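Small disclaimer: the values here were computed from a predicted structure and weren't measured. So you know, we letter chains A, B, ... as the sequences are listed, proteins then strands, and number each from 1.
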Amino acid sequence: MDLDFDIRADFPVLDDETLVYLDTAATSLTPHRVLHKMNDYYRKYSANVHRGVYRLSHEATELYNDARRTVARLINAEEDEVVFTRGASNALNMVARMLAPYIQEGDEIITSELEHHSHFLPWQRIAKERGAKLIFVPLDQNGRIQLQAFKNVLSPRTRVVALTHVSNVMGYLTPIEKITELAHAHGAYVSVDAAQSVPHMEVDVKRIDCDFLAFSAHKMLGPTGFGILYGKRKHLDAFEPVEFGGDMVGIAEKDTLTYQKPPLKFETGTPPIAEAIGFAEAIDYLEEKGLETIREHEKRLAEYAHKALSGLEDVVIYNKDADAGIITFNLKGVHPHDVVTVLDDDNIALRAGHHCAQLVMQWLSVAATLRASFYLYNTRDDIDRLIESLKRARDFFKDAGL
Amino acid sequence: MDLDFDIRADFPVLDDETLVYLDTAATSLTPHRVLHKMNDYYRKYSANVHRGVYRLSHEATELYNDARRTVARLINAEEDEVVFTRGASNALNMVARMLAPYIQEGDEIITSELEHHSHFLPWQRIAKERGAKLIFVPLDQNGRIQLQAFKNVLSPRTRVVALTHVSNVMGYLTPIEKITELAHAHGAYVSVDAAQSVPHMEVDVKRIDCDFLAFSAHKMLGPTGFGILYGKRKHLDAFEPVEFGGDMVGIAEKDTLTYQKPPLKFETGTPPIAEAIGFAEAIDYLEEKGLETIREHEKRLAEYAHKALSGLEDVVIYNKDADAGIITFNLKGVHPHDVVTVLDDDNIALRAGHHCAQLVMQWLSVAATLRASFYLYNTRDDIDRLIESLKRARDFFKDAGL
Amino acid sequence: MNRMENLYRQIIMEHYKNPRNKGLVDDERYNKSHIRNPSCGDDVTIQTLVEGGEVKDIRHEGSGCSICCSSASVLSALLKRRPVEEAQYISTQYVNMVSGQSYDTDVELEDAEAYQGVKQFPARIKCATIAWQAFEDTLGGDDDE
Amino acid sequence: MNRMENLYRQIIMEHYKNPRNKGLVDDERYNKSHIRNPSCGDDVTIQTLVEGGEVKDIRHEGSGCSICCSSASVLSALLKRRPVEEAQYISTQYVNMVSGQSYDTDVELEDAEAYQGVKQFPARIKCATIAWQAFEDTLGGDDDE
Ligand SMILES: Cc1ncc(COP(=O)(O)O)c(C=O)c1O
Ligand SMILES: Cc1ncc(COP(=O)(O)O)c(C=O)c1O
C-alpha cells in the first residue's frame, strides 16, 4: 500500500493546502475521527468512570476500559500493565520515582547523551538524591549507541538502564532488545523512552522485555495531555504508588491504606477519560493504515529528503544514517531561527532549537539545529517545497551578507 | 437573572430530554462551546507550544498563554502562580511533594475527616515518610469544621493545614480565610482543596491568602485530564520541582541543571494544550452566566430539594444545612446501590457510594450514601423527577419486603 | 414482569433478608478472601474450608447492596459440599451468565438462576460477581490476608 | 520590500556581522544578567556599568539568531552613556514597538528603529527582546548570577 494519496483529507489542519507540516516529532496532527470520538464522549456519555452505578457512567467506563485494551494490544502488553499518564514525561518521571527507593549509594545508572530531557533529568535528580552515579554510554562517531559501548559501561553496580528507543534528534534506533538482555543479566532495571518509536513502528514490550516503557498520545494522532506508562506487572505489584488519592485506594482509614491492584494503583483522581478514548481511536486508525506501511512510507520520504538536501550547497546534515523519519540539519552560517522564519513565510512548519535534548546539541557542538520529521500525511511534494524554501533562505541570507 | 431556561440547550448530553443529570460533584457536563474551542485547536493550530518558532506553534502558544491568564483572573491570582496539572488530585499530590522536605519529625499536619482521598492520603503518606503526625480537626455534631475546633488543634508544631474548601459529601463551606490567618500566625502552610468551591462560587486566592489551592476543569464544564494548582509565587520560587524534563529546564548539562521560572518550573513535558484552551472557554462561559447567579440558582434548587426530600418518608438526609448544592441522603433500609438502579431505570443519573471520602462515611457510620448535586443546567423539574423516582424505589423495595 | 422485577427476583430478596451461612468462623483451616469494591463500598469476605478436594464449608460476611449480599448467600448454599473442581466450574458458569457471555446451560444453578436479569444492568454485574470472585480467590491457595 | 526584507533590514544584518561592544569584561563593578531562551537556545549575557545614575558601559556576549544578537549590539550602542531612567524608558518604548503595542514615537530609537518589522513576526518578538530584558535586569539592582 502506498500512502501518498488521500490521507491528507483525514487531517483538518491540512485543509490549508499550502501548509507543509514537518514537525511531527514535536507533535502530530489529529485526524477527524479522533476528534469525533472525543466529542462523542463529551456529547453522549460525559460522566465519570469507575465510580458511577448508573448507565452513563457505566458506558463511559466501558469505553475507557476498551481504550486500555487497545493500548495493551498495540504494544503486546497485558491490560493491567498499561498505566494512563499525562504524557511520556510524566510516565518517565514516575519510573524514576518508583525505582528511587531501590537505588543505593554508589549504584550506577546508565543513560545517554541522546536522551530527551524528560528521560535524562529525572535520573540526574535521582542520582543526586540517592548518591548514585550517572554513566553515559559513549556514542560512536555518528552519535549512535553501539552495543559494544554499552557493554563497556555495564557493571555489577548498574542498577538502572534508561535509554531512548529512537532519538528525537538523530533518529537512531537503539539496539534495545540486546541491551535489555545484558542489563537483566546484570540485575538492572531497563526504562525505555519510546516516545519516538511507538508512533512509527511495531513495538512489542514482550520481545524487548524491558521493565518500563513510555510514550505520548499527541505524537501519534492522539490528544494532548495523555500518555502511557507500560510496566511489568510484577513491578507494578511490588512498587509503591507515586500519587495518593481517589481511585487508587482500596480501604482508607485514618492511619492505614490499602491500594487497588495495578494499573489503578498508579492512577489517582479522575482520569483523562476523553483523552483515553480519543487515543484508542488514533491507535485504531494507525493500525488500519498499518504501522509497518507507515514506517516504509517515512523511510522512502526520508531517503528522498536526504538525497535532495545533500544536493543543496551549504546544508549540513547531522544524521545521514538515521533509522527514522527525522532529519537534523543546518544551513551553514545561518542561525536555524533565521532559516525557520523564511520557511514559515512559505507556510512550512519546521522546528528550530535544541529539541529538549541539550546534551546531544553539546555532543554535536551546535547551539541549535533545524529538524524535519515525517509522518503518514507527508508527501514528496512537502519535501520539494522544503527544498525550494531552503534555497530561498540561503539566497536571501547570502544577499544579506551572511 | 434566572437560569431556569434555555441553558440546557448548551449541553449536548441534555439533548436527551428524559435525562436528569444530578452528578456534577463527580463530573460536570460540557457545553458545545468548549468542545468547539478544543476542536478548533486540533483543526487549526495543532502544534506544540513554547518550542516552535513557526506560525502554527506561535498561535497555539498564544491561546495557551491566554488560558493561563483566564484562570488567573478567575481566582484573582497572578499568571505565574497558576500551574497546569492533570487535575486536582495531581495538584494536591504536588503540594504534598513540594512541602515534604520542610516537614520534620514530630511536626503536625492538620486535616479533617471531610477530606476527599486526594487531599488526605498524600498527607497520610508524607506524615509517615517524615515522622510527622496527622491531626484531625474534630467535626461538630453536624460534621462541620468550626473555627474553635480548629483553634484547639492548632499548635506551634503545626506545619501544614490541609483542608477542603467545600466538602464533596456534606457540602459545607470551611471558614478557610480565618483558618488561614490563624495558621499563618503559627507559621504553617495552608493547602486548600477547592475542587468543589471554584466551580460554584467566586473564589479569591488573595482574600483567602492560602499558600496552595487546587481544582479540576472537568467539574466546571471543562475537559477531563486538566486541573490547576495555584501556589504563591514565593513558594513556587523557593520549592523544588516535582518532575524533571522538557520545558521546565533552563540549562541542562550532564551534571547540572537550572530551572525555568514558575509556573513552567512545575510543568514538565508537552502540556495539555487543547485542555487548557477548552478550560478557558468553560471559564468564559461560567463568568458570562455569573458565578454568583449560578450559586443562587443552586441554592434555590437545594432548598427546594431539601424540602421535597424531607417530606418523603424513609429518607434520611445527612447534611440538612449544606452550603452548596449537594444533598447526601439514603432511603432507610435500602442500600444506595439498589436505589440508584431504580433511579437509573428512570434515566436519573445519581451517585451512590463513598464518594472517595471514606473517612466521612466512617464518621457518618454508613457504608455508602446517595448524593445529588446541582449545577446551572439543573431545574426544579429535575428534582420533581427525582422525588417521583425515589417514591417508586421506596414502594418497590417495600413490596419486596425491605 | 418489569425490568426491576426481573432484576430483583423474590428469591434474591429472600436471600438478602435471610442469608444462609452468614458469619465468619475463627478457624485457621479456612481460606479467606476479602474484597472491597472501592467504587461503591460493597464489601465481602468469603471463608472456605477445603478438605480432600471438597469444599466442606463456605462462610460469608460483609455489607453491600441486595444483589451483592444475597449472591454471597446463594453462592454458599449452592457450592457447599461440592468437589473443588465442580464448584469452580459452576462459579465460572454463573459469572458468565450474569455478564452476558455464553455459559453451560446444563449446569444446575438453582437459586443462582435468579440472577439472569443482571446482564440487563451492566452497572450491576460487579455487584453480582464480587462474592464469586472472592470465593474463587479462596480456592487459589494462599490466604490473601 | 517583501516581508523578509522588512524583517531583516540591512542595518540589522550589519550589526549582526559587526557587533559593537561585544565581549564581557572581568570587572566586579558591572551588573550582569544571563538569559537563555530555552525554547530555541538563544543565549545572551549583558553587562552594565552604572555609576552616578548613568549607564557608563554596556557589554554583551552570546549566541543566537541574527535578530537576537544584532539587537544586543544595537542596544549597547543606543543606551550607553544615558541616564539610567532614560535608558530604561527607551528600552520600554523599544519593547513596546516590537511587540506591536503603542509606544512613544517621539523617542529617537536610531538603529533600533529597524526592528519595526518584527511585530509582523510574533514568533520572533522574543528574539528581539531577550537582550533588552537582560539589560533591564541589570538595572534591577542585584547581580543575578
Ligand atoms: C473535594 C474534592 N477534592 C478532590 C477531588 C479530586 O478531583 P479529580 O478527581 O478531578 O482529581 C474531588 C473530585 O473527585 C473532590 O470532590
Ligand atoms: C524522545 C522523546 N522523549 C520524551 C518526550 C516527551 O514527551 P512529552 O512532551 O509528550 O511528555 C519527547 C517529546 O517531546 C521525545 O521526543
Side-chain angles (χ1 to χ4, degrees), chain A residues 18 23 26-27 89 116-118 120-121 169 318 328 330-371 388-402, chain D residues 1-20 22 34-45 60-74 98-100 111 114-131:
Chain A
T18 69
D23 199 17
T27 200
S89 299
H116 189 277
H117 290 159
S118 294
F120 147 59
L121 295 175
V169 173
Y318 299 107
T328 294
N330 266 327
L331 209 51
K332 264 183 223 153
V334 188
H335 193 278
H337 268 197
D338 291 320
V339 179
V340 152
T341 292
V342 177
L343 301 186
D344 191 27
D345 199 49
D346 291 333
N347 209 12
I348 297 172
L350 198 83
R351 175 63 45 110
H354 56 53
H355 321 293
C356 290
Q358 292 181 28
L359 294 188
V360 70
M361 293 295 117
Q362 286 154 30
W363 188 89
L364 288 169
S365 305
V366 294
T369 73
L370 296 163
R371 179 185 68 185
E388 278 318 299
S389 193
L390 280 171
K391 282 185 189 156
R392 181 182 163 214
R394 184 195 55 192
D395 295 346
F396 176 81
F397 289 109
K398 271 227 170 97
D399 284 352
L402 294 193
Chain D
M1 209 161 50
N2 68 26
R3 273 166 55 85
M4 286 304 116
E5 284 162 357
N6 189 34
L7 175 62
Y8 293 105
R9 305 276 176 88
Q10 276 191 1
I11 239 168
I12 293 179
M13 299 314 277
E14 206 276 314
H15 272 275
Y16 183 47
K17 284 179 285 178
N18 306 301
R20 330 287 195 261
K22 183 152 182 176
H34 176 192
I35 299 191
R36 182 184 290 194
N37 181 348
S39 69
C40 59
D42 277 354
D43 187 311
V44 179
T45 303
H60 64 95
E61 184 59 79
S63 69
C65 62
S66 60
I67 302 294
C68 166
C69 294
S70 65
S71 86
S73 166
V74 167
V98 298
S99 40
D111 287 359
Y115 294 82
Q116 287 272 10
V118 172
K119 65 171 174 292
Q120 312 293 344
F121 296 84
R124 302 303 297 277
I125 293 170
K126 223 172 188 175
C127 310
T129 52
I130 188 168

- prompt: Going through the distances and angles, do D/Ile67 and A/His335 end up as a side-chain contact (heavy atoms from CB on, under 4.5 Å)?
  reply: CA-CA 10 Å; D/Ile67 302 294; A/His335 193 278; over 6 Å; no
- request: Answer yes or no: is there a side-chain heavy-atom contact under 4.5 Å between D/Lys126 and A/His337?
  value: no
Heavy-atom closest pair, residues D/Met4 and A/Thr341: CE-O, 3.6 Å
query: Looking only at heavy atoms, what is the nearest atom pair of A/Gly401 and D/Lys17, with distance?
result: O-CD, 3.3 Å
field: Pairwise distance CG(A/Asp338) to OH(D/Tyr16) - rounded to 0.5 angstrom
entry: 6.0 Å
message: With rounding to the nearest 0.5 angstrom, report the CG to CG distance, A/Asp345 to D/Leu7.
response: 9.5 Å
query: So does D/Gln10 have more than 12 non-hydrogen atoms from other groups sitting under 6.0 Å from CD?
result: no
task: Please determine, among D/Gly64, D/Cys68, D/Ser63, the option with the most heavy-atom pairs under 4.5 Å with chain A.
output: D/Gly64
